[in-house]
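Shown next, in structure tokens, is the structure this report addresses.
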Amino acid sequence: MIRYEYSENGYQGWGAARGRFQDEFLVRLFRDMLRIRLIEEEIERRYHQDQMKTPIHLVIGQEATSVGCCAALRKTDLLYSSHRTHGNYLAKSGDLKAMLCEMHCRINGCVGSRGGSMHLIDKSVGMAGTSAIVAGAIPIAAGSALTAQLQGLDRVSVVFFGDAGTEEGVTSESLNFAALKKLPVIFFCENNFYSVQSPLATRQPPREIYKWAAGYGIASVRVDGANVLAVYEAVREAVKRAREGGGATFIEAPVYRFRAHGGAGDDSHTGYRDTAELKAWEEVCPIETYFRFLADAGLITIAQREHMHAEIMLEVIEAFDYALASPNPEEKDLYAHIYSD
Amino acid sequence: MIRYEYSENGYQGWGAARGRFQDEFLVRLFRDMLRIRLIEEEIERRYHQDQMKTPIHLVIGQEATSVGCCAALRKTDLLYSSHRTHGNYLAKSGDLKAMLCEMHCRINGCVGSRGGSMHLIDKSVGMAGTSAIVAGAIPIAAGSALTAQLQGLDRVSVVFFGDAGTEEGVTSESLNFAALKKLPVIFFCENNFYSVQSPLATRQPPREIYKWAAGYGIASVRVDGANVLAVYEAVREAVKRAREGGGATFIEAPVYRFRAHGGAGDDSHTGYRDTAELKAWEEVCPIETYFRFLADAGLITIAQREHMHAEIMLEVIEAFDYALASPNPEEKDLYAHIYSD
Amino acid sequence: MPWDEGLVNSLVYEAPDPGTGRSLGYAKAINEALDIALAHDPGVFVLGQGVDDPGAMFGTTRGLQEKYGAARVFDTPLSEEGMMGVCTGAAMNGMRPVYMHNRPDFILLAFNQLVTHASKYHYMDNGQTTVPMVVWAAIGRGWGSGAQHSQSIQGLLLGVPGLKIVMPSTPYDAKGLMLAAIADNNPVLIFEHRWLMKKDGTVPEGFYTVPLGKGIYRRRGSDITIVGASHALEVALQAANKLAADGIESEIIDLRTLKPLDEQIIAESLKKTGKILVVDTGWAMGGVCAEIGCLAAEKWFDYLKSPVRRVGLPDIPTPAGYTLEQFYYPDAEKVAGVIREMVKK
Amino acid sequence: MPWDEGLVNSLVYEAPDPGTGRSLGYAKAINEALDIALAHDPGVFVLGQGVDDPGAMFGTTRGLQEKYGAARVFDTPLSEEGMMGVCTGAAMNGMRPVYMHNRPDFILLAFNQLVTHASKYHYMDNGQTTVPMVVWAAIGRGWGSGAQHSQSIQGLLLGVPGLKIVMPSTPYDAKGLMLAAIADNNPVLIFEHRWLMKKDGTVPEGFYTVPLGKGIYRRRGSDITIVGASHALEVALQAANKLAADGIESEIIDLRTLKPLDEQIIAESLKKTGKILVVDTGWAMGGVCAEIGCLAAEKWFDYLKSPVRRVGLPDIPTPAGYTLEQFYYPDAEKVAGVIREMVKK
Ligand SMILES: Cc1ncc(C[n+]2csc(CCOP(=O)(O)OP(=O)(O)O)c2C)c(N)n1
Ligand SMILES: Cc1ncc(C[n+]2csc(CCOP(=O)(O)OP(=O)(O)O)c2C)c(N)n1
Ligand SMILES: [Mg+2]
Ligand SMILES: [Mg+2]
């Protein structure tokens, strides 16, 4: 039984996009999504080797949200994230080697092996903070936005979270405060219909999340999370609103994760969701649908894609090699940064 | 400057009420409101004597909500309350002597001098629990409603809270859960526009509270909190819905407290609200407007009111005398009920 | 997903639960307790994130929804504070909720309802209300749990009046303490440890309880008294068994319940050994170790022959990485070292 | 509204802050600290329920909004967890929020942000982030505060790595510690006590700080060491002054900061007296008393001549009624009794 359906139109009607955007930009979005996919597939492939002693929450199937969003941000804009960090980190130009070192518990990991995959942070590119606690980063992003407002910066803060994140009381508190102060913040909800293995219907009454958010008196939209251009456009508008003093925006993007909540591989066989549901969503894979769109528009060929693929894999393998060759922490490293001076 | 205005029509259009309700019932509502007012005025009068060593949060001006609501409830229905308990307790038929003993810190207080005025509880009449923490009783009432549902009882649980209660995340969580499970619970929000001395506008964006609550997918209405019949009707409908399995209702009732947030007397002179605002609301005093309505309908005379007044004052003075003559706790009393066997 | 599994399996439990009879896994023992309680008392219900999913909360809730229905065994929204309040309200009205959490860290979201409401109503309304509820959580460790998924919070709650705190360490206790906790008329916290979840032990069939507030000797000896609970005790036992080869005989007390505390058993042992080491899965500072260490110096000062010692976590957030974890968590070697020092004195 | 006022005024402070110079009220001293910090550093902002209302948080925030504007001094929605997160996010980005609470009880709503976020980011991201924020609250007592409006929660937080905890007891310290806390690059909790709010004392004008982590002798003596902070110290001082008439000379250490703790000053005094009494405004069990009591038995066992003692609150929720409160809270008489017993031993 398919419980949650894709209800959008893919790239139908997006033909005009080619004129609106530069070709390079359109191709870059594809490459960015493909890169995330390939990195995650490689992580997945190697995960059973137990060299990466860290939980993983793959975004395979959800690449368009991170890429579409970050394409609309400046490097100085700040991105906050949840447990599902990989896509956010990579799309915000986080360093791949530092990420893989972190996942391999190496001292030169992006947070020195203190955080693991749920804490991929790289402040130099605006990947500003994550939380392993559902909704934990949401008020923090509001505080980040308050800072920009108090300091008169035109910086935007964005926070990613899942559908379950909307059930935590602190999310309501954050929406209320953001609306009250007209904060330059974007609440980006990736609604993948599940929290671990719990379907939305066991956690929320029938209602549309973005409409609920609108009840706080902020702009709130739903956008096709499988369509990188739609995401880009929605975020661009929200960013414009934020920079112009128009306040917060809530974005709900229906997406689907192709893998288990955590770890490698799919777990649909355990029965909490129907494999047919997964299959249906794989049909609207954000990478493949976009590839077809680009190919139809004559912007990319299969050969070009293959070349791109090889190029990325080279980078990925090198990064893995680098991580595996990197040193482990020593005992003294445990004692650094307990307090800040 | 009048920041918050009364925007309802009083008893205009309620002429037909006389046919719908029994005369006695209509007069009893008046007497119940008057009784609360007189009790509170006596508390206020005596407060400076410092015999009542307990915070007080008077409901003077807000009597119609408690009385109208409780008139629509059965004794077995459960009422949960906040710091502002007096009206709830009295309207739910809580014992006056036990209340005054509690406020005088006597051992025969309704909770044995452990709770003071913020914890007026009398389970024998369904005054089931309070919290001194804003919104603290809201999820508890949801749990109470869940119990009725699990036990197949047609009991309704009601929880009172203020406008600020809607800002706490747990309120959102409770609304979500109540909607999800279709719980027989009524969320009764007395919106008096202030939290202590903070106006609504510094705490919430411009939006209507009951519309926000509707975003959770439950029935949500606004009702004139100065009109006891309107409150009664709204609660009656909500009770019906709850008993019939139709789930939760949110009721927003705009009201105005004629006194300071806590303690005796008004504090408008400190400047957080305009005395003109208070004056304007005193014009639509729930007791006086209803008295005029009843008098116009020929259901009560000034002489009858005076008699009623005297009767109540007799009860009140006796109850105060009783409280003052009651014994204080002893040291051993401190040690009872630390754990339940 | 290896998530902890590897480490769990690599632990060797050298001291299985004593007694003969049926051997059962730890999680299954809890599952049995819940099953019995649900069958026994219609007021019992079980809730928590994923209690009805294929993972079934480490297997502790497996099959319960099928057997008792979705009204009595149900998944929850991600709303810890709200659900803690719902449990409180249900308990105040005669139900016996068992609220399950994957990690104690998530209970921190619900401290207002737990600390300021559930634990206080009974006292606050002069005994009119009782709040019989169980809040269960499994302490996380390893595989990158890190600072936000590994916290042992029993120390934070120890001082809160009205609460009871239980930390089992064997399948036998896990079942018997769960049944005792459900039967208790007060809010009872049960902190499990992930690394015990695969332990096997003797578990009687049917209903039995292990009384709250009573410790038990896990090892007899006269050189030193070691006091603790849950996985910390497992480590201490390993250390003690090692040292037995050197002729050091440790007496080990499994407290089972941290609050109320079985002072009598500690006093009895300390009188004999004159030395006390307190171990805990939480931070050594300000928590369980501190309380029991202070108690020894306060009530049994005359028994003490050498300084009180504690082995818990250092005053540092938990690092996520594997190597750093090895430096962070005290192991049997470390505990053995402390015992050696103490016995020498 | 008498709410506490009567009791506050009835307290006689026999030991005013030493030193000469301007005398100032406690709340006004805090007000000055905030004023100086706001003037000094544009990153500082002050928020909390009612900081801009006529009550002005006991007067501590009076006039600040007028002076620094509504952007930097502002009232908040009733959303403690959310606002704690907002403060954390602002602090992570270079601001220095000062988040004021009427009562510590309300901080329990925000434990997830405080304990699992604010205190951990600096460590968790390897020092990339600092979280310089101050969370201030005044402990309630009396006039029916009761179980939900009187909690001293320092004991619950003592074990949490990454936090600092400050409890001033004089106007001088209230100002100097506030300025030090704001200047500190870590999350710092300041727990005040309502009954100190009307105390007067010597307070220098302008900017100065009292260093975090350093205790101070409030009284010198050689019979016993009394350790504590805030209002508990006030009570201990009264007891000590009473006993001086009988020739009992107590040494009293005001810790000022509970975390990090000034172990040196305790050790120094204990070496001399051999006896230690720990006092706290919170529950005696599992909190500040337990930690320091345990520390004494662990690190300074050889100095100890008699059992460690603690005077805090009993393991009972706070009753609201006046008479019950008299039995609940330890007074100078009670503390004097304990000192007498200890000195006799
Ligand atoms: C407060 C809290 N409760 C429970 C968890 C355990 N948990 C981790 S991820 C997760 C699922 C969250 O679902 P959602 O927010 O929809 O994000 P998704 O994983 O689907 O991307 C849960 C329940 C947690 N991390 N924090
Ligand atoms: C969580 C929490 N924060 C702050 C307070 C302090 N406080 C007590 S009553 C009150 C006002 C609440 O306003 P509202 O909910 O509108 O109720 P009203 O007093 O207006 O009836 C506040 C802030 C509290 N009791 N609990
Ligand atoms: Mg999800
Ligand atoms: Mg209000």
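Within every chain, numbering begins at 1; the chains are lettered A, B, ... in the order of the sequence lines, protein sequences first and strands thereafter.
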**Request:** Report the option among C:R310, C:K120, C:Q113 that has the most heavy-atom pairs separated by less than 4.5 Å from atoms of chain D.
**Result:** C:R310
**Request:** Please look at D:L261 and chain C and tell me whether the side chain, the backbone, both or neither of the residue comes under 4.5 angstrom of a heavy atom of that chain.
**Result:** neither
**Message:** Taking side chain as everything from C-beta outward and backbone as N, CA, C, O, which of these in D:L295 sits under 4.5 Å from a heavy atom of chain C? Side chain, backbone, both or neither.
**Reply:** both
**Request:** Using non-hydrogen atoms and a 4.5 Å limit, figure out which bit of C:H122 sits close to chain D: side chain, backbone, both or neither.
**Result:** neither
**Asked** C:A320 versus chain D, heavy atoms under 4.5 Å apart: side chain, backbone, both or neither?
**Response** neither
**Prompt:** Looking at D:G286, D:A290, D:A296, which makes the most heavy-atom pairs under 4.5 Å with chain C?
**Reply:** D:A290
**Item:** Heavy atoms from other residues, nucleotides or ligands near NZ of C:K214 exceed 12 (cutoff 6.0 Å)
**Value:** no
**Message:** Under 4.5 Å from any heavy atom of chain C, what part of D:Q151 do you find: side chain, backbone, both or neither?
**Reply:** side chain
**Asked** So which of D:H117, D:E81, D:E80 has the biggest tally of heavy-atom pairs under 4.5 Å with chain C?
**Response** D:H117
**Item:** Residue pairs, two or more places apart or on separate chains, that pass salt bridge (Lys or Arg N to Asp or Glu O under 4.0 Å) and touch residues 270-285 of chain C
**Value:** C:E251-C:K272
**Item:** Top contributor to chain C interface from D:L313, D:D105, D:I316, D:L158 [non-hydrogen pairs under 4.5 Å]
**Value:** D:I316
**chain D contact via C:I107 - which portion, at a heavy-atom distance below 4.5 Å** = neither
**Asked** Which bit of D:A110 comes within less than 4.5 Å of chain C, counting heavy atoms only: side chain, backbone, both or neither?
**Response** neither
**Euclidean distance, C:E298 CD relative to D:C294 SG, rounded to 0.5 Å** = 11.5 Å
**Prompt:** What distance separates C:T116 OG1 from D:L109 CG, expressed to the nearest 0.5 Å?
**Reply:** 7.5 Å
**Request:** Against chain D, label C:V160 side chain, backbone, both or neither, depending on which of its atoms sit under 4.5 Å from a heavy atom there.
**Result:** both
**Asked** How far apart are the C-alpha atoms of D:V308 and C:F301, what are their side-chain angles, what is the distance that settles it, and do they pass the side chain to side chain contact (heavy atoms under 4.5 Å, CB included) test?
**Response** CA-CA 8 Å; D:V308 161; C:F301 183 73; 5.8 Å; no
**Message:** side chain to side chain contact (heavy atoms under 4.5 Å, CB included), that's the test. Do C:K259 and D:D315 meet it? Break it down for me.
**Reply:** CA-CA 11 Å; C:K259 185 172 186 160; D:D315 188 25; 2.8 Å; yes
**Message:** I need the D:M285 CE to C:E291 CD distance, nearest 0.5 Å.
**Reply:** 5.5 Å
**Message:** To check you understand the geometry: which heavy-atom pair defines the closest contact between D:Y123 and C:P317, and what is its length?
**Reply:** CE2-O, 3.4 Å
**Request:** Would you sort out whether C:F111 and D:N112 count as a side chain to side chain contact (heavy atoms under 4.5 Å, CB included), showing the intermediate values?
**Result:** CA-CA 9 Å; C:F111 257 43; D:N112 173 54; over 6 Å; no
**chain D contacts, top residue of C:G293, C:G159, C:S119 (heavy-atom pairs, under 4.5 Å)** = C:G159
**Complete:** Counting heavy-atom pairs under 4.5 Å with chain D, the top scorer among C:S306, C:P314, C:G146, C:A284 is C:S306
**Fill in**
Bottom line for D:K299: the part with an atom under 4.5 Å from chain C's heavy atoms is neither
